[in-house]
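Whatever order the structure lists ligands and atoms in, that order sets their numbers, starting from 1. For reference, positions follow the sequence shown, starting with 1.
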Amino acid sequence: MAEKILVTARSFRATPGRHLDILREAGYEIVPSPLDRPLEAPEIAPLLADVVGAILGLDHVTAESLAGATRLKVLSRYGVGVDKVDLEAATARGVVVTVTPGANSLAVAELTLALMLAVARRIPYHDAIVRAGNWSRLAGVELMGGTLGLIGLGRIGQEVARRAAAFGMNITFYDPFPPPPDVLASLGASPRSLEQLLAESDVVSLHLPLSDGTRQLINRQTLAWMKPSALLINTARGEIVDENALYEALSSGRLGGAGCDVFSREPFTGSPLLTLDTFVAAPHIGSNTVQTTLRMGLMASENALAVLRGERPGPVANPEVYGSGG
Ligand SMILES: NC(=O)c1ccc[n+]([C@@H]2O[C@H](COP(=O)([O-])OP(=O)(O)OC[C@H]3O[C@@H](n4cnc5c(N)ncnc54)[C@H](O)[C@@H]3O)[C@@H](O)[C@H]2O)c1
C-alpha cells in the first residue's frame with residue numbers, strides 16, 4: 001500500500017501542476033484535507049496519525065497534534081511563516097519542518113504596493129461610490145516623496161523597498177538583523193530605531209515574523225508615535241497589530257488609513273474596523289497568485305520528497321532536528 005502525504009494547503013490542492021505530479025510519481029498517495037480552511041490542532045491530529053508527510057497551509061500544529069503521528073517524517077510548510085507550528089515538539093519527535101523562502105516574496109511585495117495605493121487613493125471606497133450610481137470624490141495622497149518605514153527588511157521587505165523606490169519614496173527600515181551593507185546600499189535604505197521610524201514615516205509596512213517578542217508590536221503606544229496622516233500596511237501576521245488600538249486610532253483620526261491582508265483571527269468577521277472607509281482588507285491573499293502557487297508548490301513538494309528520501313533539504317525551520325551537527 002502506498003504511503004500517504006496529507007495536503008491541507010488549499011491552493012496547492014486546487015491547482016494542477018508538477019507539484020502534485022512529483023508526489024504521485026514518487027509513489028505517494030495524496031490525502032486532501034476534509035476541510036477548506038486551516039485546521040485547528042485537534043482537527044489535524046487524527047489526519048497526521050496515518051501519514052509520512054504533510055504539505056501544510058496555515059494549520060495549527062501543536063505537541064498534542066503530533067502525539068499520535070508515529071510515521072510522520074516531514075511537515076512541509078507551503079509558505080514561510082512557522083508561527084503556527086510547534087517547532088520544539090516537531091524536533092523532539094524527529095519531524096523535519098521545511099519552508100519555501102523566497103518563493104512568495106514577489107507576490108507579497110506586489111500586494112503590499114497594491115494595499116498602499118488602495119489606502120492612499122481610497123480605491124474600495126470610490127469603487128463602492130461608483131457602483132451605487134454616485135459620483136463623489138475624496139482627495140488622496142501621493143506616495144512620491146513620502147517616507148516608507150519598513151519593519152523587517154528580509155526577503156519581502158527588500159522587494160517592497162525596490163518597488164517603493166520606483167514610486168519615488170524614501171526608504172527607511174527597522175530590523176535587528178539587517179541585510180549586509182552592499183544590499184542596503186543597492187536599496188538606498190537607511191536604518192532607524194523603531195520609535196524614529198514610526199514618527200517619521202508616511203507609510204509604515206510590516207514584514208517581520210510573528211514571535212512572542214513581536215506580538216502586538218503595533219499597539220496603542222506605538223501607534224501614538226505615528227503621524228496622524230500616516231498609513232499602516234500589514235501583510236506579515238495579524239497578531240503583530242493590536243486591532244482594537246488600530247480601530248481607536250483610525251476612528252479618532254489619529255491615523256490616516258490602514259490596509260491589512262492578515263488578521264488576529266481568520267476569517268476576519270464582525271470587527272468594527274470593517275465599518276471604516278479608511279480601512280482596506282484582503283483575505284490573506286499575499287501568496288495567492290498563479291505564479292507563486294506553482295513556484296511555492298513545487299518547492300514544498302521537493303522539500304517533502306527530499307526528507308522522505310533521507311536527504312537534507314535547504315530550507316529547514318528546525319535545524320536542531322539534525323542534532324548538534326545541524
Ligand atoms: N500575507 C501573506 O500571505 C504572507 C506570505 C508570506 C509571508 N508572510 C509574512 O511575512 C513575513 C516576512 O517574510 P520574509 O519572507 O520577508 O521573511 P524573512 O525571514 O526573509 O524576513 C524577516 C525579517 O524580519 C526581521 N525581524 C525579525 N524580528 C524583527 C523585529 N522584532 N523587528 C523588525 N524586524 C525583525 C528579520 O531580521 C528579517 O530580516 C513572514 O514571517 C510571514 O509572517 C505573509
Got a donor-acceptor contact below 3.5 angstrom from the [X] side chain to the [Y] backbone?
{"X": "N303", "Y": "M299", "result": "yes"}
{"X": "R18", "Y": "I22", "result": "no"}
{"X": "D261", "Y": "I285", "result": "yes"}
{"X": "D59", "Y": "L39", "result": "yes"}
{"X": "D175", "Y": "L153", "result": "yes"}

Exercise. If every non-hydrogen atom of L194 is compared with every non-hydrogen atom of Y174, which pair is closest and at what distance?
Worked result: N-CD1, 3.6 Å
Problem set entry | Best match, S287, G238, P176: closest heavy atom to atom 33 (C) of ligand 1 | P176
Which heavy atom of the protein is the closest neighbour of [atom], given with residue, atom name and distance?
{"atom": "atom 11 (C) of ligand 1", "result": "L208 O, 3.9 Å"}
{"atom": "atom 37 (O) of ligand 1", "result": "D175 OD1, 2.7 Å"}
{"atom": "atom 32 (N) of ligand 1", "result": "Y174 CE2, 3.4 Å"}
{"atom": "atom 31 (N) of ligand 1", "result": "T214 CG2, 3.4 Å"}
{"atom": "atom 9 (C) of ligand 1", "result": "A236 O, 3.5 Å"}
{"atom": "atom 17 (O) of ligand 1", "result": "R155 NH1, 4.4 Å"}
{"atom": "atom 28 (N) of ligand 1", "result": "P209 CD, 4.1 Å"}
{"atom": "atom 42 (C) of ligand 1", "result": "R237 NH1, 3.8 Å"}

Going by the order shown, which atoms of ligand 1 are within less than 4.0 Å of some heavy atom of [X]?
{"X": "H207", "result": "12 (C), 22 (C), 23 (C), 24 (O)"}
{"X": "H284", "result": "1 (N), 2 (C), 3 (O)"}
{"X": "G154", "result": "16 (O), 20 (O), 21 (O), 23 (C), 39 (O)"}
{"X": "G286", "result": "1 (N), 2 (C), 3 (O)"}
{"X": "T235", "result": "1 (N), 2 (C), 4 (C), 8 (N), 9 (C), 44 (C)"}
{"X": "V108", "result": "4 (C), 5 (C), 6 (C)"}
{"X": "G152", "result": "24 (O), 33 (C), 34 (N)"}

If you draw a 6.0 Å radius around [atom1] in [X], do more than 12 non-hydrogen atoms from other residues or ligands fall strictly inside?
{"X": "R309", "atom1": "CZ", "result": "yes"}
{"X": "E88", "atom1": "CD", "result": "no"}
{"X": "E142", "atom1": "CD", "result": "no"}

Exercise. So, S11 versus Y78: side-chain donor-acceptor pair below 3.5 Å or not?
Worked result: yes
Exercise. Does at least one non-hydrogen atom of D261 fall below 4.0 angstrom from an atom of ligand 1?
Worked result: yes
Before signing off on this row, confirm whether [X] and ligand 1 have an N or O atom pair separated by under 3.5 Å.
{"X": "S105", "result": "no"}
{"X": "I156", "result": "yes"}
{"X": "N104", "result": "no"}

For this session: Please check if F173 and V203 belong to a single hydrophobic cluster, counting links between Ile, Leu, Val, Met, Phe, Trp and Tyr side chain heavy atoms closer than 4.5 Å.
Result: yes
Exercise. Shared ILVMFWY cluster between L23 and L47, side chains joined below 4.5 angstrom?
Worked result: no
